[in-house]
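A, B, ... follow the sequence lines: proteins, then strands. Residue 1 opens every chain. Please read all numbers here as calculations on a predicted model, not as lab measurements.
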Amino acid sequence: KNEVEQSPQNLTAQEGEFITINCSYSVGISALHWLQQHPGGGIVSLFMLSSGKKKHGRLIATINIQEKHSSLHITASHPRDSAVYICAVGGGSQGNLIFGKGTKLSVKP
Amino acid sequence: NAGVTQTPKFQVLKTGQSMTLQCAQDMNHEYMSWYRQDPGMGLRLIHYSVGAGITDQGEVPNGYNVSRSTTEDFPLRLLSAAPSQTSVYFCASSWGPNQPQHFGDGTRLSIL
């Protein structure tokens, strides 16, 4: 069983829809990260959180430590949100990150 | 600031050849790491460094060497390229292993 599981693997939405991507993990962690990989390949860090909720623009990340689950929400989705969203947890040896396989999001106009 | 700079962006090698992927950062980060990204798999850690002169193995270190002579640079060496090393390689830096990572643009490497 993978230590970090994301769902869904692929997601297609219409512009304006509310989007939720889920991440479950099986290891003890100190923090969870959400990253975005653009179609061109570049990876940027969106959030790092260890409890509660964080918001940046139209993106909201939540985490439930007891349930070992995090969600990334996108409100009023736009085609420019099309990307792969990656969940990672700091649970490996020396605290290194363990990555999920990613969720590929496509937002249609 | 340039952030994390990786070179080259693309490379084709023949089996058995050696090469070095370059990574440099200008943020004075102590922690640097190399990942490989393969289809259907999450990013996997190859090697990492917690500071100049200190390196350690990650999840998939076989066939790769690293060194960290300065804070800025963290090159990854393929000793004898194999087709199984065909992948996209990312270098990243941060203040620590569980801190927001700053990624380079990646190197797409093909081994024939």
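- L32(A) and V4(A) fall within a single hydrophobic cluster, where Ile, Leu, Val, Met, Phe, Trp and Tyr side chains are chained together by heavy-atom contacts under 4.5 Å.
- Summarising the geometry, atom CD1 belonging to I98(A) is positioned 10.0 Å from atom CG belonging to L45(B); distances are rounded to the nearest 0.5 Å.
- For the atom pair CD (Q37(B)) and NZ (K101(A)), the distance works out to 13.0 Å, reported to the nearest 0.5 Å.
- Within a 6.0 Å radius of CD in Q9(A), no more than 12 heavy atoms belonging to other residues, nucleotides or ligands are found.
- By number of non-hydrogen pairs under 4.5 angstrom with chain A, the leading residue of P97(B), A92(B), G96(B) is P97(B).
- The same ILVMFWY cluster, assembled from side-chain heavy atoms under 4.5 Å apart, contains both Y31(B) and I54(B).
- V4(B) and L76(B) fall into different hydrophobic clusters, where Ile, Leu, Val, Met, Phe, Trp and Tyr are joined by side-chain heavy atoms under 4.5 Å apart, directly or via other members.
- Taking CZ of R44(B) as the reference point, atom CG of L97(A) lies at 15.5 Å (rounded to 0.5 Å).
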(Q) Let's go through Y48(B) and N96(A) carefully: what are the C-alpha distance in whole Å and the side-chain angles of both, what is the deciding distance for side chain to side chain contact (heavy atoms under 4.5 Å, CB included) to 0.1 Å, and is it a yes or a no? (A) CA-CA 9 Å; Y48(B) 66 97; N96(A) 295 314; 3.2 Å; yes
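- Of the inter-residue distances, the one linking L43(B) atom CG with Q37(A) atom CD reads 7.0 Å to the nearest 0.5 angstrom.
- Interatomic distance, CD1 of I43(A) versus OH of Y35(B), reported as 9.5 Å (0.5 Å rounding).
- Using a 4.5 Å cut-off between side-chain heavy atoms of Ile, Leu, Val, Met, Phe, Trp and Tyr, with links allowed through other members, L49(A) and Y85(A) fall into the same hydrophobic cluster.
- Interface residue L35(A): only side-chain heavy atoms are found under 4.5 Å from chain B.
- Note that the CZ atom of F99(A) and the CD atom of Q101(B) stand 6.0 Å from one another [nearest 0.5 Å].
- Both I21(A) and I29(A) are part of a single hydrophobic cluster, where members link through side-chain heavy atoms under 4.5 Å apart.
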